[in-house]
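Okay, so here's the structure we're looking at.
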Amino acid sequence: MRKTTHVRGWAANIMSGLPGRRLGASLLLGAAAVLASGAASAQQKTFHLDRLEMPGAPDDGVVLFRPVTNQRTIFFGQLGIGYQLRPLRTSSVTSDQATLARSGSTVIQDQFAVYGNAGFQLLDRATLALAFPWYPIQTGDNPNYTGAGGIPTPGTNRTTVVQTGGPGAGDVRMDLRAVLARSQDRKSAFGAQIGIFFPSGTPANFGGDDSLGGMVMVSGETQVKFLILTANTGIHFRPRHALNDPNNDNGLGIGNEWRWAVGGFIPLKDGKYRVGGTIFGQTGIESDRIIGSTAFTKRNSPIEFNIEGRMRFGPADHWWVGAGAGSSILRGYGAPDLRVIGLVGTYVPILESEAKSPERKAELREKWRREARSDRDGDGIPDDIDACPDEPEDHKGNDPNDGCPLPPDRDGDGIPDQYDKCPDQPEDKDGIDDGDGCPEDDADNDGVPDTVDACPKMPGKPNADPKRNGCPTYIQEDGTVVRVLQQVHFAFGTAQILPESFPVLQEVADYLKSNKSIKKMSIEGHTDSKGSPELNKRLSQNRANSVMTWLVQHGVEQGRLEAHGYGMEKPIEDNDTAEGRAKNRRVEFKILEQEDTNKVQKN
């Protein structure tokens, strides 16, 4: 209820009629103060403050309702969490300068919101959904309407005190949406919707409108190259509410409103990601003695902007997460200084099967034919969703309905001819270089067949021991490290390689030449702790350079090698013993980059 406080004028009239009765005057003034204070503290029902009506469907924006539906019948749900900073300012509810001077800047300072949405999309045309907002935390304070002694100041004889704290609930909204028209390529569409607001919210702290309401809206969308342009507009039919005295331009009146929103989206990576922006607002369309004039007034015409992003994930991209942030452009009621939102949602198909059965394929093709959608290659898959619109689908492979036939594969080994080095010889799938399309009898060309070669990727010699047959003598593969079983020896204090180490390095060279998949190997030189760090660092670098030069001279491409000297920085044994120092003087070979030769290399 709204209180009109005429107490001060009534007390003054009595006092003027009883001059000299000071005691009575004092009592009357005290009573006036009490009554005025009581009038100012009386609370009334408020209205729904939050200007964001969260759409909630899988393709919608944070703000924008899109005339888009899933081609299947689905159930969807979305949960959003938001925060608004200063959504209701003191200047929106009063224009009295004295009140503004002694009051804080906001009536509602903080508002945390939870937005729940759930619904169905049916027949590739309709959406039936519910929205249920909740405000678990809200802070704020009433303006200080009264001067000294609690008596209203001149010009503020009609004041309203409201509850500013939370929690609170918003009105449940039921949406019935329909796509009325759509282009064949689905890039343009026009829709309409009706929303019904049920009075389920808390009416005393800006949660709900306390009465049945409705919203009629139309939406349009079109795609221009990579940009999707969307617009909404409609009328929100609301019960009338007033704070203070809006009819005398000293308050806020709420009634029926015109709402609008325009924005754009840019889908990325075939729609897996999406970024967008929206400008949205409203203004009142009524004027009467209760709510005053609401059309295009500053306090009744909030405008905001919102920037958002979204990502799809999970099985078949049926889940999505998104976030948005924005602020007010025109500071009408409900337009905050900052609005941030995060959301997560999912949908599940119902009633229709995803089975890749001939009957299901026939049903889809018949549906597409009825819709007269273009299909240049005649494979039953419309061009707008056909990955290969000029090549008929053969309905084979991992995705038999993507619109693309399997690429030619003459030998039937599963490796397309364009990547198969032996297109007429099937790959033997023995775990050795299975990505090149060629069968291997002796992958390392050491004369030992792969079937009995214990080291099929490291050239070696025949050996009576089956565990060493075909393996090198001096080196061993250990993950990404080629371990040297016999040290590389240098002339004392120099980088000159002694001939006794040539067989060791030859095995390293043969290993690299038979494994072209190794794109980069590091040659690392190390020393013991004898001598100065500077000398050892320089010596180890020179020795690593000498080994690299030797390998290049023996047929290894220089671009596949790099040399590093670490001196005494990385010991592997204790330098206090001769045995430990001997082990620390070493050259190591580490694989830095290597292709997986069992995967098809598409280059």
### Query
F305: what forms a ring-ring contact (aromatic ring centres under 6.0 Å, His included) with it, not counting sequence neighbours?
none
#### Entry: Heavy-atom donor-acceptor pair, N469 side chain to V452 backbone, under 3.5 Å
yes
### Query
Does a donor on one side chain sit under 3.5 Å from an acceptor on the other, for E477 and Y511?
yes
### Query
Parallel under 30°, tilted from 30 to 60°, perpendicular over 60°: which one fits the rings of Y135 and Y115?
perpendicular
### Query
Between D390 and R376, is the closest basic N to carboxylate O distance under 4.0 Å?
yes
### Task
Measure from the side-chain N and O atoms of Q223 to the backbone N and O of I228, and report whether any donor-acceptor pair falls under 3.5 Å.
no
### Query
Could you give the distance from OG (S522) to CD (E593), rounded to the nearest 0.5 Å?
11.5 Å
### Task
Report yes or no: does N117 contribute a side-chain atom to a donor-acceptor pair with the main-chain N or O of M54 at less than 3.5 Å?
yes
### Query
Counting N and O atoms only, with roles assigned by atom type, does the side chain of R177 sit under 3.5 Å from a partner on the main chain of R66, one being a donor and the other an acceptor?
yes
### Step-by-step salt bridge (Lys or Arg N to Asp or Glu O under 4.0 Å) determination, R312 to D59
CA-CA 10 Å; R312 294 186 179 274; D59 293 291; 3.0 Å; yes
## Note on the structure
In short, Q84 meets G82 closest at the heavy-atom pair OE1-C, 4.0 Å
### Task
For E507 and Y474, indicate whether the former's side chain and the latter's backbone hold a donor-acceptor pair under 3.5 Å.
yes
### Query
Between D442 (side chain) and P449 (backbone), is there a donor-acceptor pair under 3.5 Å?
no
### Query
Does K516 come within less than 4.0 Å of E557, counting only side-chain N to carboxylate O?
yes
### Message
I need the R182 CZ to R125 CZ distance, nearest 0.5 Å.
### Response
4.5 Å
### Query
Do any N or O atoms from the side chain of K461 and from the backbone of T473 form a donor-acceptor pair under 3.5 angstrom?
no
### Geometric cation-pi criterion, K269 with Y273: 6.0 Å, 45°
no
### Shortest non-hydrogen contact from Q594 toward I518
NE2-CG1, 3.6 Å
### Qualifying residues under ring-ring contact (aromatic ring centres under 6.0 Å, His included), relative to F502, sequence neighbours excluded
W550
### Cation over ring face, R483 and F589, 6.0 Å, 45°
no
#### Entry: Carboxylate-amine/guanidinium contact R310 E308, below 4.0 Å
no
### Message
Testing the 3.5 Å rule here: is there a donor-acceptor pair between the side chains of E221 and T230?
### Response
yes
### Message
Keeping D124 on the side-chain end and R72 on the backbone end, is there a donor-acceptor pair under 3.5 Å?
### Response
no
### Task
Flag the pair R173 and D171 as a salt bridge only when some basic side-chain nitrogen lies within less than 4.0 angstrom of an acidic carboxylate oxygen.
no
### Query
Where do R410 and D417 come nearest, in terms of heavy atoms and distance?
N-OD1, 2.9 Å
### Query
So among H48, H236, M174, which one has a side-chain contact (heavy atoms from CB on, under 4.5 Å) with F197?
H236
### Task
Determine yes or no for a side-chain-to-main-chain donor-acceptor pair under 3.5 angstrom, with T233 supplying the side chain and W260 the backbone.
no
### Query
Quick one: salt bridge (charged side-chain N to carboxylate O under 4.0 Å, His left out) partners of E257, sequence neighbours excluded?
R51, R238
#### Entry: Gap between atom CD1 of I591 and atom NZ of K520 - 0.5 Å precision
13.5 Å
### Message
Has N515 got a side-chain atom pairing as donor or acceptor with S517's backbone, closer than 3.5 angstrom?
### Response
no
### Query
Is the shortest distance from a Lys or Arg side-chain nitrogen in R339 or D50 to a carboxylate oxygen in the other one below 4.0 Å?
yes
